[in-house]
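Below: one structure, written as structure tokens.
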Amino acid sequence: MRRVVLSLGLCLALVAPAAGLAAAQPAPQTTVNAIEGEVMCPVCGTLLELADSPQARREKVFVAGLVAEGKSKSEVKDALVAQYGKEVLATPEASGFDLTAYLVPILAILIAAVALAYSVVRWRRGSGRDGQSAKGKPAQAPRGEDAERLEADLSRYDL
Amino acid sequence: MSTRSFLAVLAVLAVIGLLAFGLLNKGATKIAVGDPVPDKTLPTLPGPGEKSIADYRGDWVLVNLWASWCVPCRQEAPILEDFYKRNRDRHTTVVGINVQDNEDDALAFLREHPTGYPQLRSVGNERSKAFGSTGVPENFLVDPKGRLALIWRGPVDDEFLAAEVEPLIEGKQ
């Protein structure tokens, strides 16, 4: 019995520091890869995950350190902006001139949709008036020389 | 011109204007010898405190843009420190500006290469853009009136300092 108690005590003594260490290290809330795909290497002008310059390597170490500290993705991004400036973000900000990056495509799509709808309506109106000219007047039958030519062509081709 | 054509021309002009504005916003500033030095109050490295190049008005100032990850900056650091020690009694100083870096790495660099001259820190590319910089290191000699006397886009060495910078400070050029 004494031996069992001693063994248990020894096991506890071995496990306790490891458990304490695990408790001291917060669980990561994000991954280095998830961050590197969403931030830039400002010196290279490319995504951090694609960059391998000296500056990019230091930035990756900085990101890895923050991830290991248990910081969330937004906390890591905030820290990157504080150190490297706004250029480090791969997506433009939703304010100031950068807002145009979001607004211009939306406006372009709206304008294109309106133009397309207008064209379709016009085209359908035009095709719906068979036998009428584009301006809505009835098409005139050929007269004189034109009528004779039409008649000759029709009889030549037996139509 | 019909209303439709007018609107089309207006749309094209708006797109061109937007592109031009974007390009101008992104473009680096062009600076030249004789221009006032681009200046801004920046935090000192290490902190706390703030300084600007204007604080040294009346002295010659060799502004050095550097980053901890830049290998030529490491080679240049002791040369700049020697230059500072040789010239500090001649109304001349060096001001280091750390750019495109993170603060911990910059401080580690300064522990490895201690400097007697002041060091400032600029977040991101902001000061690099102001100096029209394309990389690091870059060096700018500012005269006692705050105007650029020399622009050198690269690392300096003893020969360059002796041949190009010191004669200006001594008034021989």
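Chain A is the first sequence line, chain B the second, and so forth, proteins listed ahead of strands; every chain is numbered from 1. We use all heavy atoms of the structure for the numbers below, so side chains are in, but hydrogens, waters and symmetry mates are not.
- Rounding to the nearest 0.5 angstrom, the gap separating the CG atom in B:D105 from the CZ atom in A:F62 is 8.5 Å.
- At a threshold of 4.5 Å between side-chain heavy atoms, the hydrophobic network of Ile, Leu, Val, Met, Phe, Trp and Tyr places B:F83 and B:I53 in two separate groups.
- Proximity to chain B is limited to the side chain of A:E87, based on heavy atoms less than 4.5 angstrom apart.
- Here the closest non-hydrogen pair linking A:V81 and B:V123 is O-CG1, 3.9 Å.
- The contact between B:N102 and chain A is made by backbone and side chain atoms together, counting heavy-atom distances below 4.5 Å.
- Considering only heavy atoms from C-beta on, B:W69 comes within 4.5 Å of A:V43 through its side chain.
- Between B:R121 and A:Q83, the side chains place a donor N or O and an acceptor N or O closer than 3.5 Å (distance only, hydrogens not considered).
- B:L80 and B:L150 end up in the same hydrophobic cluster when Ile, Leu, Val, Met, Phe, Trp and Tyr side chains are linked at under 4.5 Å.
- Note on A:E59, A:R57, A:K86, A:R58: by heavy-atom pairs under 4.5 Å with chain B, the leading option is A:R58.
- Enclosure of atom CD in A:E151 is not indicated, since only 12 or fewer non-hydrogen atoms of other residues, nucleotides or ligands lie within 6.0 angstrom.
- Heavy atoms closer than 4.5 Å to chain B are found nowhere in A:A79, neither backbone nor side chain.
- Neither B:I97 nor B:Y117 shares a network with the other; the hydrophobic side chains, linked directly or stepwise wherever heavy atoms of I, L, V, M, F, W or Y lie under 4.5 Å apart, form separate groups for each.
- Only the side chain of A:V104 comes within contact range of chain B, judged by heavy atoms closer than 4.5 Å.
- In the hydrophobic clustering, where aliphatic and aromatic side chains (Ile, Leu, Val, Met, Phe, Trp, Tyr) are joined below 4.5 Å either directly or transitively, A:Y118 stands alone.
- When the shell of 6.0 Å around CZ of A:R122 is examined, it contains 12 or fewer heavy atoms from other residues, nucleotides or ligands.
- The number of heavy atoms from other shown groups lying within 6.0 Å of CZ (B:R86) is above 12.
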